[in-house]
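Comments concern the structure below.
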Amino acid sequence: MGTKGRQIVDMDVDKLVQLLNKAFADEWLAYYQYWIGAKVVKGPMKEAVIAELTQHAADELRHADMLALRIIQLGGTPVTEPKEWYNLTNCGYEAPDNPFVKNVLEQNIKGEQCAIMTYKKLLNITMSKDPVTYNIVLQILQDEVEHEEDLQAEMEDLQTLLKQAK
Ligand code: FE
Ligand code: FE
Ligand code: MG
């Protein structure tokens, strides 16, 4: 833990670490939802969707890494027990038990929309209080906004394709 780095945080650091650990749990669950989704997804446009899901899985894992490093910088410990992910998560986990491409896209769009709301709240909380965390959260939020748009664009293409097939 960096002493001065922790001192310049103008808020309850333990509370902040707790919030970052909740986001950290979200990222692992999002990572797995994308990763397993890319394996099981079925239906039209499968190849394009698999490429997108695989790329997003890598992004979510990178987000988990960014959050873990910041938690450690703040003197905290990233969640060490995967069982805790379910207790801490803001956005939950949706198993792609219906692997049809439309269902998988819907589940992941919902997840991204929750992630966007979560990081927007974290931005508001850290604004002018902790510029370092703010900057990390902003970078993650930019990715989540991109993820939502990517998936909604895939969904539009799919709807067009399904309409043509009728
Ligand atoms: Fe993420
Ligand atoms: Fe995302
Ligand atoms: Mg993408």
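Numbering of ligands and ligand atoms starts at 1, following listing order.
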For this session: Could you tell me how the ring of W28 sits relative to the ring of Y31: parallel (under 30°), tilted (30 to 60°) or perpendicular (over 60°)?
Result: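 Correct class here is perpendicular.
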
So do the side chains of [X] and [Y] get within less than 4.5 Å of each other, counting heavy atoms only?
| X | Y | result |
| --- | --- | --- |
| D143 | R62 | yes |
| P99 | V41 | no |
| T118 | E144 | no |
| M66 | E27 | no |

Exercise. Looking only at heavy atoms, what is the nearest atom pair of L88 and A25, with distance?
Worked result: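 Smallest heavy-atom distance, with atoms named: CB-CB, 3.9 Å.
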
For this session: For D157, enumerate each residue passing the side chain to side chain contact (heavy atoms under 4.5 Å, CB included) test, keeping only those at least two apart in sequence or located in another chain.
Result: M45

Listing, residues 48-56 side-chain donor-acceptor contacts under 3.5 Å, not counting sequence neighbours, or none:
| from | atom 1 | to | atom 2 | distance (Å) |
| --- | --- | --- | --- | --- |
| E52 | OE2 | H56 | NE2 | 3.0 |
| T54 | OG1 | I50 | O | 2.7 |
| H56 | ND1 | Y34 | OH | 3.3 |
| H56 | NE2 | D150 | OD2 | 3.1 |

Exercise. With hydrophobic residues grouped by side-chain heavy-atom distances under 4.5 Å, do L29 and I109 end up in a single group?
Worked result: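 Looking at the clustering, I109 is in a separate group from L29.
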
For this session: Have a look around the Fe ion (ligand 2) and list protein N/O/S atoms under 2.8 Å, or say none.
Result: E60 OE2, E112 OE1, E112 OE2, E144 OE1, H147 ND1

For this session: Sort by chain and number the protein N/O/S atoms found under 2.8 Å from the Mg ion (ligand 3).
Result: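 You should have found E52 OE2, H56 NE2, D150 OD2.
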
